[in-house]
Amino acid sequence: MEQFAIGGDLPVRRIGFGAMRLPTEAGPEREASIALARRAVELGITLIDTAHLYGGGANEELLAEALYPYPEDLVVTTKVGVVRTGDDWKYDARPESLRVQVDEGLRRLRAERIELLQLHRIDPETPLADQLGALRDLRDEGKIGRIGLSEVTVDELARAREIVDIASVQNRYSLLDRSYEAVLDACDAAGIAFLPWRPVLGAASEAGSELTAVASELGVTTAQVGLAWLLARSPVILPIPGTANIAHLEENFAAGAVKLSAEQVERLTTA
């Protein structure tokens, strides 16, 4: 499968795995989650996405249990900047808080360095320069390798890049949801990795009808066509479809071998 180098020097295969949906509570479902994470690596997936928000760190601990010691080519990226207060979650990207969150993430992942650390949300109560300055300091200390952002606008990305190098952006995006098209275009122009979350949506609307038609023409699933369209849309796109089902995991990864014709890409794009 085709690769992309995040930050110019961290190669990963272009279809990764989003671990958010994996059950983490003890029991048969947890064991199934561990088996699925291991199957992802067996398939050749080299980019797995998690976050402190996913179970308050339980998702990170699950991945460590399943995959540590990690294969040399595996990148487990996590996100910080959202913390639990009682029963609620809130944005918190104060420098002192980010430092604690990164240290706790390192502990849960059993890692000495997080190769890609993404700010889950920009904290509106903390100056952007303070948030990214703290992550830059952690990068300079060797605790993180590269800095990414999540759910940002074009303007926020531009302001962030004035402060620190940005290696990735993780925004919602799919064939049927292109509200962040301008952000993708900005990442494409700058060579910044774009990790669309929720990259696979149901076949609704006119675009969905075309999606169904192309899937029928190729003898594949609509999910595979949606992922193949993302790969064709821009070389910086790294889809991270999530699932708790091994058959769906295998189906999603196999989308990397689905080749759309230029005419099919055009039909899907303009539907």
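Since the model is a prediction, treat every value here as computed from it, not as a measurement.
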Colleague: Do Arg146 and Ser168 pair up side chain to side chain, a donor and an acceptor below 3.5 Å, judged on atom types alone?
Modeller: no

Colleague: How long is the straight-line distance from CD of Gln118 back to CG of Leu149, given to the nearest 0.5 Å?
Modeller: 8.0 Å

Colleague: Tell me whether Val83 shares a hydrophobic cluster with Leu106, the cluster being built from Ile, Leu, Val, Met, Phe, Trp, Tyr side chains joined at under 4.5 Å.
Modeller: no

Colleague: Look at the side chain of Glu104 and the backbone N and O of Gln101, then say whether any donor-acceptor pair between them is shorter than 3.5 Å.
Modeller: no

Colleague: Check whether more than 12 heavy atoms from other residues, nucleotides or ligands sit under 6.0 Å from atom CZ of Arg21, and answer yes or no.
Modeller: no

Colleague: Determine whether more than 12 heavy atoms belonging to other residues, nucleotides or ligands lie under 6.0 Å from atom CG of Asp165.
Modeller: no

Colleague: At what distance, to the nearest 0.5 angstrom, does CG of Leu260 lie from CZ of Arg267?
Modeller: 10.0 Å

Colleague: Report the residues that fulfil ring-ring contact (aromatic ring centres under 6.0 Å, His included) with Tyr173, sequence neighbours left out, ordered by chain and then residue number.
Modeller: Phe194

Colleague: Please identify each residue that fulfils side chain to side chain contact (heavy atoms under 4.5 Å, CB included) with Glu29, with sequence neighbours left out.
Modeller: Pro23

Colleague: Counting only heavy atoms from other residues, nucleotides and ligands, does the tally under 6.0 Å from CZ of Arg110 exceed 12?
Modeller: yes

Colleague: I need the single residue from Arg30, Arg108, Arg38 that forms a salt bridge (Lys or Arg N to Asp or Glu O under 4.0 Å) with Glu65. Which is it?
Modeller: Arg30

Colleague: Give the C-alpha distance, both sets of side-chain angles, the deciding distance and a yes or no for side-chain hydrogen bond (donor to acceptor under 3.5 Å, both in side chains) between Tyr180 and Glu151.
Modeller: CA-CA 9 Å; Tyr180 284 113; Glu151 287 301 281; 3.2 Å; yes

Colleague: Distance only, no hydrogens: is a donor on one side chain within 3.5 Å (strictly under) of an acceptor on the other, for Asn59 and Thr50?
Modeller: yes

Colleague: State whether a side-chain donor-acceptor pair under 3.5 Å links Gln264 with Trp229.
Modeller: no

